[in-house]
Amino acid sequence: MRTAVVIGTGLIGTSAALALSARGMTVHLRDADPDAARTAASLGAGTTEPPTGQVDLAVIAVPPALVGRVLAEVQAEGLARAYTDVASVKDGPRQDVLALGCDTSTYVGSHPMAGAERSGPLAARADLFEGRTWVLAPLPNTSTDTLNTALELVALCGAVPVLMDAAAHDRAVALVSHTPQVVASLIAARLEHAAENAVRLAGPGIRDTTRIAGSNPAMWVDILSANAGAVADTLEELAADLGGAVAGLRALQAADEEKRGEGAVAVEDVLRRGNAGRARIPGKHGAPPTRYEELVVLIGDQPGELARLFADAGRAGVNIEDVTIEHSTGQQAGLVKLSVAPTAIATLAAALRDQGWHMR
């Protein structure tokens, strides 16, 4: 594969174009907003000049509701040998593609499981898909050449391909992506009119929980509209659990000791099930979950301190698996939590103490 057209230069489309361009491919950019395409081109994602002939692959990076129409248009134009879309739902676009009589032998739906809170070409990165899952949802008559071209796209973007049925994909992303977006927004909405002195107490827990609530609302209305039924089903299950948790918490306030005990059991059940569910989330690069130990280091808020900490950890021969930073309110200091393999925790602690770091 040497040439491609990316149609839609938002976060995902531009990131794919940047990745392909970085691998030496000729990438042509299209967008209903010419300014967005020019911005993507200025970042090195490709050229806004039209191709002079048929390209190897057209990547359709538009909202789910537009995929079928855009595919029909570019197939009628004879734009590419193979076509894929990168919409975050797959069953709705599949139905539209079939209803519009598109050539499904040259089309395969796909969805890279990557994104960011920010949208648009300026948020794009060539490494956005590195190590991330990229779902491919071929139709029964998708040709081998088309599927192989889509697999090459995934490989060039550094992602890991997974084949799934379109409807199964939509149920899965409703659970692991779309419902969490709604829940994060609901929690963050509680802060909108909260007292200022309450909001000032916010720490890393609420920041982590609401991080994705900063996403573009209009974009998410498009996504949720295309997968509304599956998301609603998951939210109904969540609402039932939430009702049980509320009843348990109310019972903890009861004067009757037996009721308080029942309430404690109900609340603990929710928390334990949460532990069990979280333990199933894959670890790095999709590997099985791995348990890490945490080392908490006090760090000053000065330029170069974080780099010095990582350098000292590197000299100790310890790989930092994950890192979080908790800033101290009103102080030029914070706590850096370093996650490392359990076998490395003592080595790292000793090495950092030798370099003058203070730990908690």
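Bear in mind the structure is a predicted one, so any value in this text is a computation, not a measurement.
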task: Determine, stepwise, if the pair Val340 / Leu295 fulfils side chain to side chain contact (heavy atoms under 4.5 Å, CB included).
output: CA-CA 8 Å; Val340 300; Leu295 189 67; 5.6 Å; no

task: Could you go through the salt bridge (charged side-chain N to carboxylate O under 4.0 Å, His left out) check for Asp31 and Arg38 one step at a time?
output: CA-CA 9 Å; Asp31 199 292; Arg38 284 192 289 268; over 6 Å; no

message: Please determine whether salt bridge (charged side-chain N to carboxylate O under 4.0 Å, His left out) holds for the pair Arg200 and Glu196, giving the CA-CA distance in whole Å, both sets of side-chain angles, and the decisive distance to 0.1 Å.
response: CA-CA 6 Å; Arg200 283 179 61 83; Glu196 185 62 30; 5.3 Å; no

message: What verdict does the side chain to side chain contact (heavy atoms under 4.5 Å, CB included) test give for Val27 and Thr47, after you've listed the backbone C-alpha separation in whole Å, the side-chain angles of each residue and the deciding distance to 0.1 Å?
response: CA-CA 6 Å; Val27 180; Thr47 176; over 6 Å; no

- prompt: What's the verdict on side chain to side chain contact (heavy atoms under 4.5 Å, CB included) for Phe310 and Leu338, showing C-alpha distance, side-chain angles and the deciding distance?
  reply: CA-CA 10 Å; Phe310 288 155; Leu338 304 175; 4.0 Å; yes

- request: Please test Asp91 against Arg94 for salt bridge (charged side-chain N to carboxylate O under 4.0 Å, His left out), starting from the C-alpha separation and ending with a verdict.
  value: CA-CA 5 Å; Asp91 198 40; Arg94 178 185 65 84; 2.6 Å; yes

task: Determine, stepwise, if the pair Asp96 / Arg69 fulfils side chain to side chain contact (heavy atoms under 4.5 Å, CB included).
output: CA-CA 8 Å; Asp96 291 342; Arg69 189 180 79 193; over 6 Å; no

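Judged by distance alone, with hydrogens and angles left aside, the side-chain atoms of Thr3 form a donor-acceptor pair with the main-chain N or O of Asp56 at under 3.5 Å. A donor-acceptor pair under 3.5 Å links the side-chain atoms of Ser21 to the main chain of Ala45, judged by distance alone. At least one donor-acceptor pair under 3.5 Å links the side chain of Arg190 to the backbone N or O of Leu186. Counting only distance, with no hydrogens or angles, the side chain of Lys90 and the backbone of Ser110 share a donor-acceptor pair below 3.5 Å. A distance-only check finds no donor-acceptor pair linking the side chain of Asp127 to the backbone of Glu130 [under 3.5 Å]. Side-chain N or O atoms of Gln181 include one that pairs as donor or acceptor with a backbone N or O of Ile212 at under 3.5 Å. At distances below 3.5 Å, at least one donor-acceptor pair connects side-chain atoms of Asp256 with backbone N or O atoms of Glu258. Side chain of Arg260 to main chain of Ala254: a donor-acceptor pair is present (N/O by atom type, distance under 3.5 Å, no hydrogens or angles). In this structure, the side chain of Thr14 does not engage the main chain of Ala124 through any donor-acceptor pair within 3.5 Å. Side chain of Glu294 to backbone of Lys337: no donor-acceptor contact under 3.5 angstrom is found.
A chain of hydrophobic side-chain contacts below 4.5 Å, direct or via other Ile, Leu, Val, Met, Phe, Trp or Tyr residues, connects Phe129 to Leu151. Leu147 and Val162 fall into different hydrophobic clusters, where Ile, Leu, Val, Met, Phe, Trp and Tyr are joined by side-chain heavy atoms under 4.5 Å apart, directly or via other members. Side-chain heavy atoms closer than 4.5 Å link hydrophobic residues (I, L, V, M, F, W, Y) into clusters, and following such links, even through other members, never connects Leu29 to Val62. In terms of hydrophobic clustering, with Ile, Leu, Val, Met, Phe, Trp and Tyr side chains grouped at heavy-atom distances under 4.5 Å, Val6 and Tyr83 are assigned to different clusters. Under the 4.5 Å side-chain heavy-atom criterion for ILVMFWY residues, a single connected hydrophobic cluster contains both Leu191 and Ile187.
Applying the salt bridge (Lys or Arg N to Asp or Glu O under 4.0 Å) test between Arg30 and each of Glu49, Glu77, Glu73 identifies Glu77 as the sole match.
Rounding to the nearest 0.5 Å gives a distance of 9.0 Å between NE2 of His28 and CG of Leu79. In this structure, the separation between NZ on Lys259 and CZ on Arg250 is 14.0 Å, given to the nearest 0.5 Å. In this structure, the separation between CG on Asp312 and CH2 on Trp357 is 6.5 Å, given to the nearest 0.5 Å. Note that CG of Leu66 is 10.5 Å distant from CD1 of Ile60, once rounded to the nearest 0.5 Å. Atom CZ of Arg280 and atom CG of Asn275 lie 14.5 Å apart (nearest 0.5 Å). The line from OG of Ser88 to CH2 of Trp220 is 6.0 Å long, rounded to the nearest 0.5 Å.
The 12-atom threshold is exceeded at CZ of Arg308, counting heavy atoms of other residues, nucleotides or ligands nearer than 6.0 Å.
Neither side chain, Thr146 nor Thr106, offers a donor N or O lying under 3.5 Å from an acceptor on the other. Between Asp103 and Ser105, the side chains place a donor N or O and an acceptor N or O closer than 3.5 Å (distance only, hydrogens not considered). Side-chain contact annotation: Glu152 with Asn148, donor-acceptor N/O pair under 3.5 Å absent.
Within the 4.5 Å cutoff, the side chain of Thr133 has no heavy atoms near those of the Pro112 side chain. Using a 4.5 Å heavy-atom cutoff, the side chains of Val173 and His111 are in contact. Between Pro121 and Leu11 the shortest side-chain heavy-atom distance does not fall below 4.5 Å. In this structure the side chain of Asp85 never reaches within 4.5 angstrom of the side chain of Leu71, judged on heavy atoms. By the 4.5 Å heavy-atom criterion applied to side chains, Met25 and Leu156 are counted as neighbours. Side-chain contact between Val265 and Glu262 is absent, with no heavy atoms from C-beta onward closer than 4.5 Å. At a threshold of 4.5 Å between non-hydrogen side-chain atoms, the residues Met359 and Leu352 count as touching. Using a 4.5 Å heavy-atom cutoff, the side chains of Val183 and Thr209 are not in contact.
Residues Ala251 and Gly263 approach most closely at CB-CA, 3.7 Å, considering heavy atoms. For Thr48 against Ala41, the heavy-atom pair with the smallest separation is CG2-CB, 4.0 Å. Smallest separation of non-hydrogen atoms from Ala184 and Ala213: O-CB, 3.7 Å. Taking all atoms of both residues into account, the shortest heavy-atom contact from Thr179 to Ala174 is OG1-O, 2.7 Å. Nearest heavy atoms, Tyr107 versus Thr142: O-OG1, 3.0 Å. The two residues Val154 and Trp134 come nearest to each other via the heavy atoms CG2-CG, 3.6 Å.
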Donor-acceptor contacts under 3.5 Å from residues 222-239 side chains, at least two apart:
residue, atom, partner, partner atom, Å
Ser225, OG, Val221, O, 2.6
Asn227, ND2, Asp170, O, 3.0
Asn227, ND2, His178, ND1, 3.1
Thr234, OG1, Ala230, O, 3.0

